[in-house]
Amino acid sequence: MPIYSGHPEKCPDRICKYNYCIVHLFMPYTNLPHFKKYPFVRLSVCLITGILLQWYLQFTIPVLVIFSCPIVFVLLLFILLSSTLKFSLQWLRGVCILLLFVAAGAFITYTRDIRHHPNWVGKYYRPGQNILLTIEEPLVEKANSYKALASINAIGQDTVWRKVNGKVILYFYKGKVKPALHYCSQIIINKALSPIKNSGNPGAFDYNQYCLFRGITYEEFLYPGEYASPANDNINPMQNALFNLRDATINVIQQNIPGAREQGVAEALLIGYRGNLDADLLQEYSNAGVVHIIAISGLHLAMIYGLLLFIFGLFPSNRLTGILKPVVILLVLWLAALLAGAMPSIIRAAIMFSFIIVGQALGRRTNIYNTLAASAFCMLVYNPFYLWDAGFILSYAAVISIALFYRPVRNWLFFKNKILEKIWEATAITIAVQILAIPIILFYFHQLANFFLVANFIAVPLSCAILYSGLALLCLSFIPFVTKWLGMAVGFMIQCLDSFIERVSHLPFAVWNDVYADGILTILLYGCIIAACIWLLRKSRKSLFASLLFLAAIIIYTSVNLMASSRQQKMIVYNIPHQTAVDVIQGNRCQFIGDSVLLQDGPLQKYDLTPSRIINRVNSQADTTFKNAENTCINIHNTRIFLLDNTFIIPETTNKIAVDVLILSKNPKLTIPALQNAFTFKQLVFDGSNQMGKIRRWKKDCDSLHLRFYSVPEQGAFVMDIN
């Protein structure tokens, strides 16, 4: 008997109301609206809404319970309703289910926040207590130290220990002998832990939030003798096996591929290890728009997936192959993902491929949008803080962009020649990726590679050849003769790739730098892009009008910001440890006062100075009229600023120097009373080049003399608007 799926009162076979409910509960409707074909899209949107609400509003568990109880009550009440009422109120049930997922997102976010854990170390730790730690990774060599992440196992005094959880970043003194520590080593320290703090510089990366999302709340620098190593180790067998496999892989690469730079690229491309990657080379890849090649992501997993499909295609199709194929592919893909550090972008790809493989094995067709949403849903349930990860957002934007725009872009041109057709298909993918990725790139990185199309056209196929050759090198590492020639071939291909990327990155206008894009501008850009794409694909006049409206909003918003920045007058004293750095901003010009090392295009300028200059709409390469930080006095309108360092000598005169702001830098050997006798000032500022012990003494003197002061190392950058 055919199943009737219409209204129960009009059923010709008079199906009972109970059967009607069962049919509609477990079977799809005959005429589904278009959006109902993607259930995980709706669930993911609700989950993301709950995550965002919880993080920015910080609800407590009682509030979440009060919100959820009426929803659960309404859903339970549906069981008692008649079939007619269920049918007419099915929209209410749908709304309740979606609201329940909003509450679930909020609850998951609350429980994943390390500060809400009942045994979080921050609730019980007091300076002076012993701390038992476990090293969670092999030590990574830095310029002046060795860095490692450690988990906090317990705190206490003498033999009384309390079990706690939390994580801390440890820096070990880099002497002649490397610390005899490794993954799973346990150490005991008695040194007070330092909470992780942001620099407070305008526009700077929110390092505190970045660490908090990973459960890290403390950091500490340890010298020899400040820690003791118990005899026992706390080993995680699976993690230890992954680290051993990674070390073995790095050893094979370093023994067979010539050249340190080439080895660093091979390690990054094959297993995502960046410990030996040259920083200047990484910047060149970024400038050329191909950094995704050495930032292991879904592209690499797709290459491995394609290779596995090709290998299994060589075998005859039978029952054994049908069973082994999905199992082997899943194992290899997840092993590659875990070996690469389980970064959000590659985990997204692993989950998505897993859905595709399982669906094919069960004979089910998969929808790309629903599969993407399902992978995002699973990842956010596991860790809701992935939502703030740039790699997570960028990877989804790229894949959605390919799914939406690859075919329309590919249809722009038609080639009868198969080779030209394949070349154009690869080009179409590169163009399609950028459509939805560009706003995110501008928002996070404030730059755009202008020659990304040319660079990807050569770099992606070459990196594919390097990846396959590198995998062959690893698999055949037990055959010395083969690995020798394979290693030389991989090294040569990497040399060619590096040379090509270097040439592209140094072309004139290769990079559009210092692009200002905040949250509002990013939303407007997406509105303009989406409306324009709908117009081009469906020839909708309304979409064209909407696109023009968004474009007008972008122009107006940008113009207002530029006009406001052209009238700004401010001074910024940056928080950079052991360095003096002051920007005097007048309109769109910026004059720098500080140490010459900050004038170089290095990490200090990139991460501390450039973000501030971008959000203030000034050139990141500031004028250096006052670059020498030696007792400099600056007059801006009616404001006088004096930068005083350790070379200053109090003049022998009874006339005081009148200034508005007095900045102390480089540990001047002067007391606050002596300064008060030589200057009249409204504000004292202690910059990051001073020692903390000296700053603490200055603060006590200022408190006793009732003077206004500001400690940059403790309070963040000092920003003053000048009238």
Side-chain angles (χ1 to χ4, degrees), residues 199-204 446 513-514 516 561-602 604-648 657-668 675 678-690 695 708-723:
S199 66
N201 295 326
H446 301 289
N513 279 313
D514 304 341
Y516 175 79
N561 276 316
L562 287 173
M563 290 174 62
S565 64
S566 66
R567 296 191 297 268
Q568 66 185 341
Q569 305 282 339
K570 65 175 64 176
M571 179 191 68
I572 303 173
V573 182
Y574 292 99
N575 180 16
I576 305 177
H578 315 299
Q579 304 293 337
T580 295
V582 180
D583 270 347
V584 178
I585 298 174
Q586 296 177 280
N588 300 116
R589 293 182 65 251
C590 177
Q591 294 175 315
F592 174 73
I593 312 166
D595 296 330
S596 58
V597 67
L598 297 172
L599 299 176
Q600 302 171 9
D601 187 14
L604 290 177
Q605 185 182 102
K606 179 179 179 180
Y607 297 114
D608 292 301
L609 302 183
T610 301
S612 172
R613 293 168 181 172
I614 290 174
I615 67 171
N616 286 297
R617 297 298 190 94
V618 297
N619 192 335
S620 64
Q621 301 297 324
D623 297 335
T624 56
T625 308
F626 305 116
K627 67 180 179 180
N628 296 317
E630 297 178 357
N631 307 318
T632 303
C633 185
I634 306 170
N635 295 312
I636 304 175
H637 297 301
N638 297 321
T639 302
R640 297 193 72 194
I641 303 164
F642 195 94
L643 181 61
L644 184 151
D645 66 3
N646 55 9
T647 64
F648 180 77
I657 303 172
V659 297
D660 293 285
V661 180
L662 182 60
I663 304 172
L664 304 187
S665 67
K666 304 294 184 184
N667 303 296
L675 287 174
F679 291 89
T680 59
F681 51 83
K682 300 177 183 177
Q683 176 78 57
L684 269 175
V685 178
F686 315 132
D687 77 358
S689 65
N690 298 295
I695 290 177
R708 291 177 60 189
F709 65 88
Y710 189 96
S711 174
V712 170
E714 296 173 302
Q715 298 173 259
F718 176 76
V719 182
M720 185 182 75
D721 290 322
I722 301 171
N723 298 322

Work out which heavy atom in [X] is nearest to a heavy atom in [Y]; give both atom names and the distance.
X	Y	value
Leu675	Phe681	O-CE2, 4.2 Å
Lys606	Pro611	O-CD, 3.2 Å
Val685	Gln683	CG2-CG, 4.0 Å
Ser689	Asn667	O-ND2, 3.5 Å
Ala658	Thr680	CA-OG1, 3.2 Å
Phe718	Val661	CE2-CG1, 4.5 Å

The side chain to side chain contact (heavy atoms under 4.5 Å, CB included) partners of Asn638 (sequence neighbours excluded) come to none
I'd like to check Pro713 versus Ile695 (side-chain heavy atoms, cut-off strictly below 4.5 Å). Are they in contact? yes
*Taking the side chain as every heavy atom from C-beta outward, state whether Ile634 and Ile636 have any atom pair closer than 4.5 Å.*
yes
[X] side-chain N/O to [Y] backbone N/O, donor-acceptor pair under 3.5 Å:
X	Y	value
Asp595	Val597	no
Gln579	Gly688	no
Asn616	Val618	no
Tyr710	Ala717	yes
Gln568	Gly587	yes
Gln569	Ile722	no

Could you tell me the separation between the [atom1] atom of [X] and the [atom2] atom of [Y], rounded to the nearest 0.5 Å?
X	Y	atom1	atom2	answer
Ile614	Asn513	CD1	CG	7.5 Å
Ile576	Gln605	CD1	CD	9.5 Å
Asp645	Asp687	CG	CG	10.0 Å

Please test Phe642 against Phe679 for ring-ring contact (aromatic ring centres under 6.0 Å, His included), starting from the C-alpha separation and ending with a verdict.
-> CA-CA 10 Å; Phe642 195 94; Phe679 291 89; 5.3 Å; yes
Practice task
Check step by step if side-chain contact (heavy atoms from CB on, under 4.5 Å) holds for Leu604 and Leu609.
Solution key: CA-CA 7 Å; Leu604 290 177; Leu609 302 183; over 6 Å; no
Modelled atom types, side-chain donor and acceptor of [X] and [Y], under 3.5 Å:
X	Y	answer
Asn690	Ser665	no
Asp583	Tyr574	yes
Ser199	Asn575	no

Audit row: Val712, Glu714, side-chain contact (heavy atoms from CB on, under 4.5 Å) steps and yes/no: CA-CA 5 Å; Val712 170; Glu714 296 173 302; over 6 Å; no
Does Asp608 pair with Arg613 as a salt bridge, N-O distance under 4.0 Å? no
Yes or no on side-chain contact (heavy atoms from CB on, under 4.5 Å) for Lys666 and Thr580, after CA distance, side-chain angles and deciding distance?
CA-CA 8 Å; Lys666 304 294 184 184; Thr580 295; 3.5 Å; yes
Contacts of Lys682 meeting salt bridge (Lys or Arg N to Asp or Glu O under 4.0 Å) (sequence neighbours excluded), chain-then-number -> Asp660
request  = Verify the neighbour count for atom OH of Tyr607: are there more than 12 heavy atoms of other residues, nucleotides or ligands below 6.0 Å?
outcome  = no
- request: Kindly determine whether Leu684 and Arg708 satisfy side-chain contact (heavy atoms from CB on, under 4.5 Å), including the steps that lead there.
  value: CA-CA 6 Å; Leu684 269 175; Arg708 291 177 60 189; over 6 Å; no
